[in-house]
Every structure is written in structure tokens, then in C-alpha cells.
Amino acid sequence: MARMGLPIRRCPNCGDTDQAFRPLDDAERAYALGQVPRADLGTYRRCARAGCVRVQSYFNWRSGFDLPDSFRPTGC
């Protein structure tokens, strides 16, 4: 069985371009719990583009937020 790639969604932080979004890691999930209801947490993904801190719902790109700069990789 072939593994599906990351979902492609619109990212407002990346100039409204289509970007790959990946599942949240443990630290991102912990932060997101303060932003979205626990029941919805599993639907949120993070933009996989280097330096982007956008987290948004898989189903609605308007439902999202930015992670703090501490989540941004060094040098971005």
C-alpha cells in the first residue's frame, strides 16, 4: 500500500499559496490545546514550509493561529 503524502492546503502566512501541512508534534499539540477545543485538536496541522509557524484546521484554513516564534527553527 502506498503511503499518502502530506495534505496540501492554502497557507495565509506563505502568501496564500498551497503548502504541505503535517501533524503537530507533542510541543505544538500542548500549545494548541490553549487555542482550540481538545475535541478539535486532531484536525489541526502545521505548515511544513521552512520557517512557517502557521497551524490551521485541516478542514478550514481560516480556523488557525500562529505558534510563538520559539517554535520557529533557528535561522528562519
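Not measured: the values here are computed from a predicted model.
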So do Gln56 and Pro12 actually touch side chain to side chain, heavy atoms under 4.5 Å?
yes
Let me see the working for Asp66 and Val55 under side chain to side chain contact (heavy atoms under 4.5 Å, CB included), right down to the final yes or no.
CA-CA 6 Å; Asp66 290 347; Val55 172; over 6 Å; no
I'd like to check Ile8 versus Gln19 (side-chain heavy atoms, cut-off strictly below 4.5 Å). Are they in contact?
no
How long is the span from the CZ atom in Arg72 to the CG atom in Leu67, to the nearest 0.5 Å?
9.0 Å
Cation-aromatic face contact Arg9/Tyr58, 6.0 Å, 45 degrees:
yes
Would you mind telling me which of Arg62, Arg10, Arg54 makes a salt bridge (Lys or Arg N to Asp or Glu O under 4.0 Å) with Asp16?
Arg10
pair Leu24-Leu41: side-chain heavy atoms closer than 4.5 Å
yes
Walk me through it: do Arg46 and Phe21 pass the test side chain to side chain contact (heavy atoms under 4.5 Å, CB included)?
CA-CA 5 Å; Arg46 180 177 176 177; Phe21 277 76; 5.5 Å; no
Asp25: which residues meet the side-chain hydrogen bond (donor to acceptor under 3.5 Å, both in side chains) condition with it, sequence neighbours left out?
none
Sub-3.5 Å donor-acceptor pair from the side chain of Ser63 to the main-chain atoms of Asn60, do we have one?
no
Side chain to side chain contact (heavy atoms under 4.5 Å, CB included) between Phe65 and Tyr31, worked out:
CA-CA 11 Å; Phe65 57 91; Tyr31 180 84; 3.9 Å; yes
Nearest non-hydrogen partners of Val53 and Phe71, listed with the distance:
CG1-C, 4.4 Å
Under 4.0 Å between a side-chain nitrogen and a carboxylate oxygen: does that hold for Arg22 and Glu28?
yes
With a sphere of 6.0 Å drawn around CG of Asp26, does it hold more than 12 non-hydrogen atoms of other residues, nucleotides or ligands?
no
